[in-house]
Amino acid sequence: MRDGAHCDGVSLLGAAVRNEPRLAEELLPWTESPHPWKRRAAAVALVGEAKQGRQRNAILAIADRLLDDMVQKAVGWLLKETYPRQAAAVVNFHRKRRHRAARIVLRYAAEKMTRQHREQVLAR
């Protein structure tokens, strides 16, 4: 994987995960790749699942592994899309990790949150 456009093309993996949910587990090792675009793809591939409220455990495991990685915007995006259907899990995730997370992850993830949750997540 060479660049962001290529990575976003790989988000077609989301369709494969939708058809075969067990494939989400196969994305976990991608978070350890030396290639940043492959690490980013691990998060981006699950955005569709996040929007449907599925794959919470895989999403949070990937987000945890990439939280302080250079692919932080993708992690924030993934958590933002997870929030509407898994609000409590996402807020709890942030509460436990907000001191380790880059501000950009928190800002992206908080975009769809209620005011109360946004204030809790963004408070340092």
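Keep in mind that the numbers below use all heavy atoms, side chains included, and drop hydrogens, waters and symmetry copies. The chain is numbered in sequence order, starting from 1.
- Distance alone, capped at 3.5 Å, is enough to place a donor-acceptor pair between the Arg103 side chain and the Leu122 backbone.
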Could you give the side-chain donor-acceptor pairs of residues 13-27 under 3.5 Å, partners two or more places apart or in another chain?
from  : atom 1 : to    : atom 2 : distance (Å)
Asn19 : ND2    : Ala15 : O      : 3.3

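- With hydrogens and angles ignored, the 3.5 Å screen pairs no side-chain donor or acceptor of Arg85 with any backbone N or O of Arg54.
- Each of Lys38, His35, Arg39 was scored for a side chain to side chain contact (heavy atoms under 4.5 Å, CB included) with Trp30, with one residue passing: Lys38.
- The shortest side-chain heavy-atom distance between Thr114 and Tyr83 falls under the 4.5 Å cut-off.
- Under a 4.0 Å N-O distance rule, the pair Lys96/Asp64 does not qualify as a salt bridge.
- A salt bridge links Arg65 with Glu32: the closest approach of a Lys/Arg side-chain nitrogen to an acidic carboxylate oxygen falls below 4.0 angstrom.
- The backbone N or O of Val121 sits nowhere less than 3.5 Å from a side-chain atom of Arg98 that would complete a donor-acceptor pair.
- Looking at Val105 and Leu66, their side chains never come closer than 4.5 Å, going by heavy atoms from C-beta outward.
- Under the 4.5 Å side-chain criterion, counting only non-hydrogen atoms from C-beta, Leu79 is not in contact with Tyr108.
- With contacts defined as side-chain heavy-atom distances shorter than 4.5 Å, the pair Leu46/Ile62 qualifies.
- Under the 4.0 Å criterion applied to side-chain N and carboxylate O atoms, Glu81 and Lys112 are assigned as salt-bridge partners.
- Using a distance-only test at 3.5 Å, with no hydrogens or angles considered, a donor-acceptor pair links the side chain of Arg97 to the main chain of Phe93.
- Taking the side chain as every heavy atom from C-beta outward, Val90 and Met113 approach each other to under 4.5 Å.
- The CD atom of Gln120 sits 10.5 Å away from atom CG of Asn92, with the distance rounded to the nearest 0.5 Å.
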